Enquirer: 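I have a structure here, written as structure tokens, and I will follow up with some questions on it.
Given the structure is predicted, the values throughout are model-derived calculations rather than measurements. Numbering of ligands and ligand atoms starts at 1, following listing order.
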Amino acid sequence: STRMIVTIDGPAGAGKSSIAREVAAELGYAFLDTGAMYRAITLGAMRRGIPWNDVDALVRYAQEARLSWNEDRIDLDDEDVSSEIRTPEVTANIRYIADPPEIRDCLTMQQRRIAEGRDLVTEGRDQGTEVFPEAECKVFLTASPEERARRRQQQLIAEGKQVTFEEILIAQNQRDLEDRMRPVGRLRAALDAVVIQTDGMNSQQVKQSVLDSVRSCV
Ligand code: C5P
């Protein structure tokens with residue numbers, strides 16, 4: 001049987017992870033969160049104290065680190081780092097790992113290997129453009145900066161954390177800029193992606209709309 005690849009790309013805070021996970025479950029496909037891979041390498045480089053300006057050492061580290069992904073869990077050298085990769089410190093340093101093209105190549109190869117022989121919903125920034133340009137079905141999930149920051153704030157409030165809307169928006173704008181400007185693998189919609197603008201939609205409606213567009217191509 002021929003395998004199906006569904007890519008879901010978009011900016012931070014567009015709700016890609018939860019939607020991609022639910023869509024994968026609905027279709028019975030595997031699910032891959034590629035941001036978790038960039039996060040895990042960032043965490044490992046921080047732990048080793050590799051200087052962020054030593055790109056050669058960062059590339060070497062990315063090539064030797066052993067990542068393994070299993071649905072909701074990511075292991076770095078056999079240690080479950082799934083929660084530790086979500087800290088603001090990791091997020092703040094991620095560009096040092098996501099920018100160098102050699103590190104992106106290394107993670108791109110691993111993502112393609114994970115996809116071998118299976119149906120997959122994969123989520124990130126460059127999945128439809130760089131990693132799986134031949135994917136059968138591509139979605140670009142987006143929302144205005146204010147809408148994404150509002151959702152993020154609600155999520156943080158639910159977790160009992162106090163952050164102002166302004167703080168969230170500033171950090172998010174910074175990450176948007178970094179993600180859109182990097183020379184390779186930058187955030188953009190593939191020409192053949194279905195763009196879903198989710199302002200004013202609830203998560204149920206977003207999920208339904210992604211499922212509709214996926215079902216029209218699978
Ligand atoms: O999706 P998430 O917020 O976990 O991704 C963290 C960061 O990893 C992104 O802001 C981006 O800089 C980087 N990333 C990337 N390419 C991907 C996925 C994530 O450069 N495919």
Enquirer: Closer than 4.0 Å to some heavy atom of R39 - which atoms of ligand 1 meet that?
Expert: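 So the answer, numbered in order with elements, is 2 (P), 3 (O), 4 (O), 6 (C).
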Enquirer: Counting heavy atoms only, which of A98, P11, G35 is nearest atom 19 (C) of ligand 1?
Expert: G35
Enquirer: Is D119 reaching over with its side chain to a backbone N or O of M4, donor-acceptor style, under 3.5 angstrom?
Expert: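 Yes.
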Enquirer: Output the list of atoms in ligand 1 that are nearer than 4.0 Å to some heavy atom of R182, sorted by atom number.
Expert: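 Reading through ligand 1 atom by atom, the close ones are 11 (C), 12 (O), 20 (O).
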Enquirer: Of the protein's non-hydrogen atoms, which lies at the shortest distance from atom 18 (C) of ligand 1, and what is that distance?
Expert: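 Answer for atom 18 (C) of ligand 1: T34 OG1, 3.4 Å.
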Enquirer: Run through E147, Q154, Q155 and flag the one making a side chain to side chain donor-acceptor pair (under 3.5 Å) with R151.
Expert: E147
Enquirer: Taking 4.0 angstrom as the limit and counting only heavy atoms of D179, give me the atoms of ligand 1 inside it, by number and element.
Expert: 9 (C), 10 (O), 11 (C), 12 (O)
Enquirer: Among R104, Q111, R182, find the residue that satisfies the side chain to side chain donor-acceptor pair (under 3.5 Å) test when tested with D126.
Expert: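 Passing option: R104.
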Enquirer: Main chain of G128, side chain of D9: is a donor-acceptor contact present, judged purely on distance under 3.5 Å?
Expert: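 The answer is yes, because a donor-acceptor pair under 3.5 Å joins these two groups.
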Enquirer: Side chain, backbone, both or neither: which part of R175 comes within less than 4.0 Å of ligand 1 when only heavy atoms are counted?
Expert: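 Just the side chain.
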Enquirer: Should D126 be counted as touching ligand 1, given the test is an N or O pair under 3.5 Å?
Expert: yes
Enquirer: Taking a cutoff of less than 4.0 Å between a non-hydrogen atom of the residue and any ligand atom, is R95 in contact with ligand 1?
Expert: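 False for this residue.
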Enquirer: Please compare R125, E130, K16, R180 and report which has the shortest non-hydrogen distance to atom 1 (O) of ligand 1.
Expert: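 Minimum heavy-atom distance to atom 1 (O) of ligand 1 goes to R125.
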Enquirer: Between R104 and ligand 1, is there a nitrogen or oxygen pair with a distance under 3.5 Å?
Expert: yes
Enquirer: Which is closest to atom 8 (O) of ligand 1 by heavy-atom distance: I85, I41, I94?
Expert: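 Looking at heavy atoms only, the winner is I94.
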Enquirer: Which of the atoms of ligand 1 are close to Q127, meaning less than 4.0 Å from one of its heavy atoms?
Expert: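 Those of ligand 1 that fall under 4.0 Å from Q127 are 21 (N).
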Enquirer: Please determine if E116 and R113 form a salt bridge, counting it only when a charged side-chain N lies under 4.0 Å from a carboxylate O.
Expert: no
Enquirer: Show me the pairs that pass salt bridge (charged side-chain N to carboxylate O under 4.0 Å, His left out) and involve residues 22-40, at least two apart or across chains.
Expert: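 Non-adjacent pairs meeting salt bridge (charged side-chain N to carboxylate O under 4.0 Å, His left out): E22-K207, E26-K207, D33-R86.
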Enquirer: Given the rule that I, L, V, M, F, W and Y join up when any side-chain heavy atoms are under 4.5 Å apart, are I74 and V121 in one cluster?
Expert: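 No, separate clusters.
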Enquirer: Kindly indicate whether the side chain of T122, heavy atoms from C-beta on, has any atom under 4.5 Å from the side chain of I114.
Expert: no
